[in-house]
Amino acid sequence: MSTQLDLKELERKAFRSTYQDGLWDLYFGLIVICMSIFVYRPATGYSPVNIVLALSAMAAAYSLFWAGKKFITLPRMGQVQFGAQRKKRRLTLIIVLSVVVLIQVVLVSLQLLAWANPEVGTRFNSLIRDRNVMDLVVASIGALIVGPSMILVAYFRDFPRGYFIAVMIALAVFLMIYLNQPVYPIIIGALIALPGLVLFVRFLQKYSLRQEEAPNE
């Protein structure tokens, strides 16, 4: 029994070591900054340009994350295969997040319907006549969807820093919607990314690429 527990603890430490490059922190920080472009509501109304810019920025953030893992982390740490328990946790996370994403899609679809059909939007607005109250309700719903989702990711992925990131992302979403000021999520995104940048620099200093042996003369 003791040996089995030791093996589980070793696997857990090895799994957590995959986060020491700081790339997840950098990725989520950039995503929050990208969201500030998407959620911000300009006085002139939403423009397709905002959506294209936000999606392009998110794609660029993921590309940087993928490239960092493939060309920086992987050559230094190698590929690690984890046991069945980790695979089971990953499958559970996928199922839970799929349900959460489905709920998010429904809510976003209703919002898009309200934009596309003024009559639907008018009926929704009539339910909550005070604009500040409506913004508060929508901001709270957004934060409650995003925050717990990230907490689930942190739990199932054994990512301790993910709990801090979850709280910060929920706060960013709330402020973005309620105050409609992109500067706040940009600052929060920077606060998420900064520890990741520090970890990334330390990772590069700690793990250098193996030098190939010089050929015998």
Side-chain angles (χ1 to χ4, degrees), residues 8-9 11-40 54-55 57-58 61-62 64-66 68-69 73 80 82-111 135-179 181-182 184-200 203:
K8 287 185 177 180
E9 184 62 26
E11 185 182 37
R12 184 181 186 185
K13 290 181 178 179
F15 191 82
R16 287 187 173 185
S17 69
T18 60
Y19 301 119
Q20 63 183 311
D21 56 11
L23 289 178
W24 277 106
D25 308 66
L26 289 169
Y27 174 63
F28 284 118
L30 289 175
I31 287 297
V32 171
I33 294 174
C34 295
M35 285 195 303
S36 67
I37 305 173
F38 180 74
V39 180
Y40 173 62
L55 294 178
M58 290 181 182
Y62 179 77
L64 289 173
F65 170 78
W66 176 84
K69 283 291 186 182
T73 303
V80 182
F82 295 99
Q85 187 66 26
R86 289 290 169 185
K87 295 179 180 179
K88 183 178 179 180
R89 287 171 68 94
R90 182 180 180 182
L91 178 60
T92 304
L93 175 62
I94 292 174
I95 294 173
V96 173
L97 286 184
S98 297
V99 175
V100 174
V101 169
L102 179 61
I103 296 173
Q104 292 174 338
V105 169
V106 171
L107 293 175
V108 172
S109 299
L110 291 175
Q111 184 64 56
D135 287 344
L136 178 61
V137 171
V138 175
S140 299
I141 293 174
L144 289 173
I145 289 176
V146 175
S149 300
M150 186 59 209
I151 289 175
L152 288 173
V153 172
Y155 173 76
F156 283 104
R157 298 289 297 178
D158 229 339
F159 183 30
R161 295 193 309 278
Y163 297 107
F164 164 75
I165 295 175
V167 173
M168 296 298 284
I169 291 179
L171 178 61
V173 170
F174 179 85
L175 293 177
M176 272 190 290
I177 298 174
Y178 185 61
L179 298 180
Q181 294 292 335
Y184 297 110
I186 290 175
I187 293 174
I188 292 174
L191 291 175
I192 294 174
L194 185 59
L197 181 60
V198 173
L199 288 171
F200 183 67
F203 178 80

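Position 1 is the first residue of the sequence; numbering continues from there. Just so it is clear, the values below take in all heavy atoms, side chains as well, and ignore hydrogens, waters and symmetry mates.
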query: Of the non-hydrogen atoms in Val173 and Ala143, which two are nearest, and what is the gap between them?
result: CG1-N, 3.8 Å
query: How long is the span from the CG atom in Leu191 to the CG atom in Leu171, to the nearest 0.5 Å?
result: 10.0 Å
message: Does any part of the side chain of Ile192, heavy atoms only, come nearer than 4.5 Å to the side chain of Ile169, both counted from C-beta?
response: yes
message: Using the rule given for side chain to side chain contact (heavy atoms under 4.5 Å, CB included), can you reason through Leu136 versus Phe174, listing the C-alpha separation, both sets of side-chain angles and the distance that settles it, and then say yes or no?
response: CA-CA 8 Å; Leu136 178 61; Phe174 179 85; 3.6 Å; yes
- prompt: Atom CZ of Phe159 and atom CZ of Phe164: how far apart are they, to the nearest 0.5 Å?
  reply: 10.5 Å
query: Taking C-beta and beyond as the side chain, do Gln20 and Leu199 meet within less than 4.5 Å on heavy atoms?
result: no
Over all atoms of both residues, closest heavy-atom pair of Val32 and Pro185: CG1-O, 3.3 Å
- request: Mark yes or no for whether Arg161, through its side chain, and Tyr19, through its backbone, hold a donor-acceptor pair below 3.5 Å.
  value: yes
statement: Value for OG1 (Thr73) from CZ (Phe203), rounded to nearest 0.5 Å, stands at 4.5 Å
Heavy-atom pair with the smallest gap, counting every atom of Met58 and Met35: CE-CG, 3.6 Å
message: Other residues, nucleotides and ligands only: do more than 12 of their heavy atoms fall within 6.0 Å of OH on Tyr163?
response: yes
Heavy-atom closest contact (Ala61 atom, Leu30 atom, distance): CB-CB, 3.9 Å
Spacing of Phe65 atom CZ and Trp24 atom CH2 [to the nearest 0.5 Å]: 4.0 Å
message: As an exercise, state the distance from OH of Tyr178 to OG of Ser140, rounded to the nearest 0.5 Å.
response: 9.0 Å
message: Do Phe28 and Met168 make a side-chain contact, defined as non-hydrogen atoms from C-beta onward lying under 4.5 Å apart?
response: no
task: Enter the distance from Ser36:OG to Ile187:CD1 here, rounded to the nearest 0.5 Å.
output: 11.0 Å
- request: Locate the shortest heavy-atom distance separating Leu26 from Ala193; write the atom from each residue and the value.
  value: CD2-O, 3.3 Å
field: side chain to side chain contact (heavy atoms under 4.5 Å, CB included) between Ile188 and Leu175, intermediate numbers included
entry: CA-CA 10 Å; Ile188 292 174; Leu175 293 177; 4.1 Å; yes
query: Minimum heavy-atom separation for Ile151 to Ala166, with atom names?
result: CG1-CB, 3.6 Å
